Trainee: 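Dropping a structure here in structure tokens format, bear with me for questions.
Remember, it's 1-based here, ligands and their atoms both numbered in the order they're listed. Computed over heavy atoms, backbone and side chain alike; hydrogens, waters and symmetry mates excluded. None of the values given here were measured: they were computed from a predicted structure.
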Amino acid sequence: MNNINVDLLTQVIGHYPLQGTIKEASPCVNGHINDTYRLSLAPESGPNQELILQRINDHVFAEPEKVMHNIQEIAAHLRQKNSAYDCDIISFMPTKDGRSCAVVNEQYWRLCHYVPNSVTYDFVDDSSLLYSAGYAFGQFQSMLADLPMDRLYETIPDFHHTRKRLDAFFATVDKDPAGRAKEIEEDIAFFAEHRELACQLMDMQEAGILPLRVTHNDTKYNNILMHEETGEPLCVIDLDTVMPGLPAHDFGDAIRFAANTAVEDEPDLSKVGLNMGKYREFTRGFLQACSGFLTEKEIETLALGAITITIELASRFLTDHIEGDKYFKIHRPNHNLERARCQIALAQDMLGRYNEMQEIVMSSAQG
Ligand code: GN1
Ligand code: MG
């Protein structure tokens with residue numbers, strides 16, 4: 001349990017109606033924002049309890065109560081539907097005094113049971129697994145399609161407002177607070193070249209051509225818990241950014257993560273590109289689950305969503321690199337720069353294969 005403050009974690013656990021002492025604690029490192037730990041709690045008798053404890057990053061989520069409010073609204077909506085929703089969503093335990101998270105030293109912590117037999121993957125080997133991931137995220141959206149949007153807070157304002165993201169990027173380049181901008185002129189030029197294309201989706205939303213819907217907004221493959229043996233989706237997690245958004249963003253974010261031929265931060269750019277087999281499988285699953293309520297325009301702009309979100313995230317990683325790595329956790333020097341370059345390489349590959357991506361969407365939509 002090196003580097004883990006077990007006393008602090010014990011203090012947090014003390015807010016919950018649980019007994020026992022922490023026997024094991026290990027950090028879960030694949031999220032870039034919150035601090036997550038897997039704990040094994042040993043009671044005086046009986047089996048250990050396996051738990052996931054998470055500290056909400058309040059630099060990123062300025063009002064953690066609003067995040068928890070949204071998660072409760074979503075859970076209540078799904079429960080009252082009482083339907084055969086086969087992929088669960090993560091649910092957090094109430095504290096002893098009935099709150100959805102524990103506040104210790106002004107920090108917000110939440111706790112859930114470890115879902116038995118579940119695993120997450122940062123990379124998918126088998127393309128066919130992506131059909132069920134697409135279906136799970138599509139179904140998530142379809143189940144929330146009738147949740148009134150005014151019940152949800154915008155937990156991070158303008159989270160996927162690509163134009164504002166790119167404006168912020170160019171403003172950071174101008175300020176260059178850590179003196180890093182001059183080494184990345186070629187990368188900066190990429191955003192200048194594709195700025196207008198990347199802003200098209202949000203322009204369409206603002207012009208009323210694309211509707212807002214309740215979306216997940218962080219559809220990485222590792223945000224679905226999979227069954228370790230069957231590979232079936234068990235549970236959608238990381239609901240912190242569920243709020244009004246565009247289905248094309250959810251589609252696109254999932255594609256940029258899971259249909260990349262390499263991992264999200266691959267430094268060897270020759271390995272990076274779009275795996276069309278994976279793209280096809282995810283698209284088929286996603287549209288199978290939600291083509292019924294998407295408008296023609298929404299379907300027509302899904303492929304553009306993949307390019308948009310890939311460019312947007314590239315700009316967010318590069319902004320953070322220029323700012324001196326303040327937002328995303330990094331695990332090595334220049335990590336955000338490597339992440340950004342990987343996303344730029346992926347976006348470039350997608351830009352050259354847009355017609356093929358579009359054909360796959362249109363033929364999958366016809367069933
Ligand atoms: C962050 O929380 P996590 O690691 O699942 C980020 C996403 C990015 C993602 C890139 C709140 O997601 O927007 O797409 O990293 N979440 C937030 O891996 O900024
Ligand atoms: Mg997240």
Trainee: Would you please determine whether R339 falls within less than 4.0 Å of ligand 1 on a heavy-atom basis?
Mentor: no

Trainee: In ligand 1, which numbered atoms sit nearer than 4.0 Å to a non-hydrogen atom of G31?
Mentor: 4 (O)

Trainee: With a 4.0 Å heavy-atom cut-off (strictly under), which part of N217 contacts ligand 1: side chain, backbone, both or neither?
Mentor: neither

Trainee: Would you mind running through ligand 1 and noting each atom that sits below 4.0 Å from a heavy atom of N223?
Mentor: 5 (O)

Trainee: Which atoms of ligand 1 are found less than 4.0 Å from any heavy atom of L313?
Mentor: 8 (C), 10 (C), 14 (O)

Trainee: Please list, in number order, the atoms of ligand 1 under 4.0 Å from a heavy atom of F61.
Mentor: 11 (C)

Trainee: In this structure, is the centre-to-centre distance between the rings of F191 and F170 below 6.0 Å?
Mentor: no

Trainee: At under 4.0 Å between heavy atoms, which part of D238 makes contact with ligand 1: side chain, backbone, both or neither?
Mentor: side chain

Trainee: Only heavy atoms of Y327, strictly under 4.0 Å: list the atoms of ligand 1 that pass.
Mentor: 11 (C), 17 (C), 19 (O)

Trainee: Minimum distance, heavy atoms only, to atom 4 (O) of ligand 1: which one of R256, H32, H160 is it?
Mentor: H32

Trainee: Under 30°, 30 to 60°, or over 60°: which ring-plane class applies to F282 and F137, parallel, tilted or perpendicular?
Mentor: tilted

Trainee: Below 4.0 Å, non-hydrogen atoms only: which portion of F257 touches ligand 1? Side chain, backbone, both or neither.
Mentor: neither

Trainee: In ligand 1, which numbered atoms sit nearer than 4.0 Å to a non-hydrogen atom of E264?
Mentor: 10 (C), 18 (O)

Trainee: Check the angle between the aromatic planes of Y135 and Y131 and answer parallel, tilted or perpendicular using the 30° and 60° thresholds.
Mentor: parallel

